[in-house]
Amino acid sequence: MLLLNTIREIPQMKKHFYAMLFPLVLCLSLLGCSHKPSKQETTAADRQTAKTPEPAAATSSPDSSPSLPPRQGIGSPQEGNPKITGNPVSTEVPAKTPQTTKITISAAGDCTFGSDQSSPASVNFYSVYNKKKNDAYFFQKVKKYFEKDDLTLVNLEGTLTKNGTRMDKTYAFRGNPSYVNILKKGSVEAVSFANNHCKDYGEISYTDTINTLKKAGIKYSSYEKTSIYRTKKKKIGMVAVNGLSGADYSKSLIDSGIKKLKKKKADLIIVSMHAGIEHTSSLNNTQTQLAHYAVEKGANLVLGHHPHTLQGVEKYKGAYIVYSLANFCFGGNTNPSDKDTIIFQQTFTFQGNKLQKNTAARIIPCRVSSTTAINNYQPTPLSGAGRRHIIQKMNSFSKPLGVHFQKDGKVQN
């Protein structure tokens, strides 16, 4: 009977056994399946530990190297380890090498875009202009030098105006204001305009010419009017005086003009002087006085004109003085007997803002006309015998002044 009852209770015992087995299996799976929480699973105790981490020494794992300090966060202080081991990174900024800047200046002589009323109508400047009808014609042969430099400066001898009355003088020059385009087409950026022909048709011819230059964007210097031309982040200052008005007056203009330019922080200063005796290679006292005075006051280059012929070059206190650049594109004479002329070029070198001492200068021998038969107002570089002749001539004028030109026209150092 007991056995029979036990057999009858087996299904009920199975039911209780399975009911107890399921919680036991679940508990074992929770406790024994894994001893590490997954990345997504974090217990309350774990979160509390993350907020207040133990010191690095106490939490180092067996896999970490005991000789290495714990990794620091970027910008975090290294507490307890103020001394950085190994080679420290230098915070010094290496000094920059000053930038080298080279400024090349080309200078040429008297440019007169017009002719006197007494000149032959068939061959004067106006007739050639009307035949060519091309502003670029006049500097066509020399433009290759002018467009490669940083500044081209010539002496404008004559007026550009339709107004005024001719002054009572032997020669007076007046050209159409449109002739200013000859300068622009020829890559000429600046003119000196202080001479005995800048008021040939009265005061209005002077002011008209200046207004024409302004409108065309041509820089000019004239008596008390100085100018600055900017190129390659450098300022080239210019002063122009007429020594025929008196040495003392010109000196005062040189002094005040250079002071103005220095106040404007000019990097280079050029002084143009109209002085000397016409048609002679000899220098007079006014020329040397003004030129030396200009250098002593701070000029880096002195350019002379008025003699209508070439004169010597001097190096004075480190600066070149070109006493006469002669005629260039000169409408004032339809057929001058002396057609020799030059382009004077000098290259100035800066290291940063400091001008270096150098003698990088040369002459480019030219003739005022592309033909020897007449003046066609087209300055032309020379080669061969003509070139050698002018270099020899310039050496004969410059030797007493301590300057010698090599066969290639460069100044011999």
Suppose we screen for side-chain hydrogen bond (donor to acceptor under 3.5 Å, both in side chains). Which residues come up paired with [X], at least two apart in sequence or across chains?
X	answer
S383	none
T207	none
N163	D208

Heavy-atom neighbours of [X] [atom1] exceed 12 at 6.0 Å:
X	atom1	value
D248	CG	no
K184	NZ	no
K148	NZ	no
Q406	CD	yes

Between [X] and [Y]: side-chain donor-acceptor atoms closer than 3.5 Å:
X	Y	answer
Q378	S370	yes
S369	N376	yes
T152	D149	yes
Q289	K251	yes
S187	K143	no
D135	Y129	yes
T104	T347	yes
T286	N284	no

* Any side-chain heavy atom of F125 within less than 4.5 Å of one from F138? -> yes

* Decide yes or no for F330 and Y377: does some side-chain heavy atom of the first lie under 4.5 Å from some side-chain heavy atom of the second? =>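 A side-chain contact under 4.5 Å is absent here.
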
Under 3.5 Å, sequence neighbours excluded: what are the donor-acceptor pairs made by side chains of residues 306-316?
unit_1 : atom_1 : unit_2 : atom_2 : d
H306   : ND1    : H274   : NE2    : 3.2
H308   : ND1    : D110   : OD2    : 3.3
H308   : ND1    : N327   : OD1    : 2.7
H308   : NE2    : E278   : OE2    : 3.4
H308   : NE2    : H306   : O      : 3.3
T309   : OG1    : D338   : OD2    : 2.8
Q311   : OE1    : Q287   : NE2    : 2.8
Q311   : NE2    : T280   : O      : 2.7
Q311   : NE2    : S282   : O      : 3.2
E314   : OE1    : H292   : NE2    : 3.1
E314   : OE1    : Y323   : OH     : 2.6
E314   : OE2    : H292   : NE2    : 3.4
Y316   : OH     : E296   : OE2    : 2.5

* Can you spot which of R387, K393, R367 makes a salt bridge (charged side-chain N to carboxylate O under 4.0 Å, His left out) with D340? =>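 Only match with D340 under salt bridge (charged side-chain N to carboxylate O under 4.0 Å, His left out): K393.
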
* Donor-acceptor contact present, side-chain S227 to main-chain Y220, <3.5 Å -> yes

* Asked: Backbone N or O of T159 within a donor-acceptor pair of the D200 side chain at under 3.5 Å?
  ->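 It does not hold such a pair.
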
* Structure fact -> What one should report as the nearest heavy-atom pair of T334 and P336 is C-CD, 4.0 Å

Cut-off 3.5 Å, no hydrogens considered: what does the side-chain donor-acceptor table look like for residues 234-247, sequence neighbours left out?
unit_1 : atom_1 : unit_2 : atom_2 : d
K234   : NZ     : G352   : O      : 2.8
K234   : NZ     : N353   : OD1    : 3.4
K235   : NZ     : K264   : O      : 3.1
N242   : OD1    : L244   : N      : 3.1
N242   : ND2    : S245   : OG     : 3.4

* To do: Among residues two or more places apart or on two chains, list those pairs meeting salt bridge (Lys or Arg N to Asp or Glu O under 4.0 Å) that have a residue in residues 343-365.
  => none

* Are K199 and Y206 in a cation-pi contact, defined as NZ or CZ under 6.0 Å from the six-membered ring centre and within 45° of the axis? -> yes

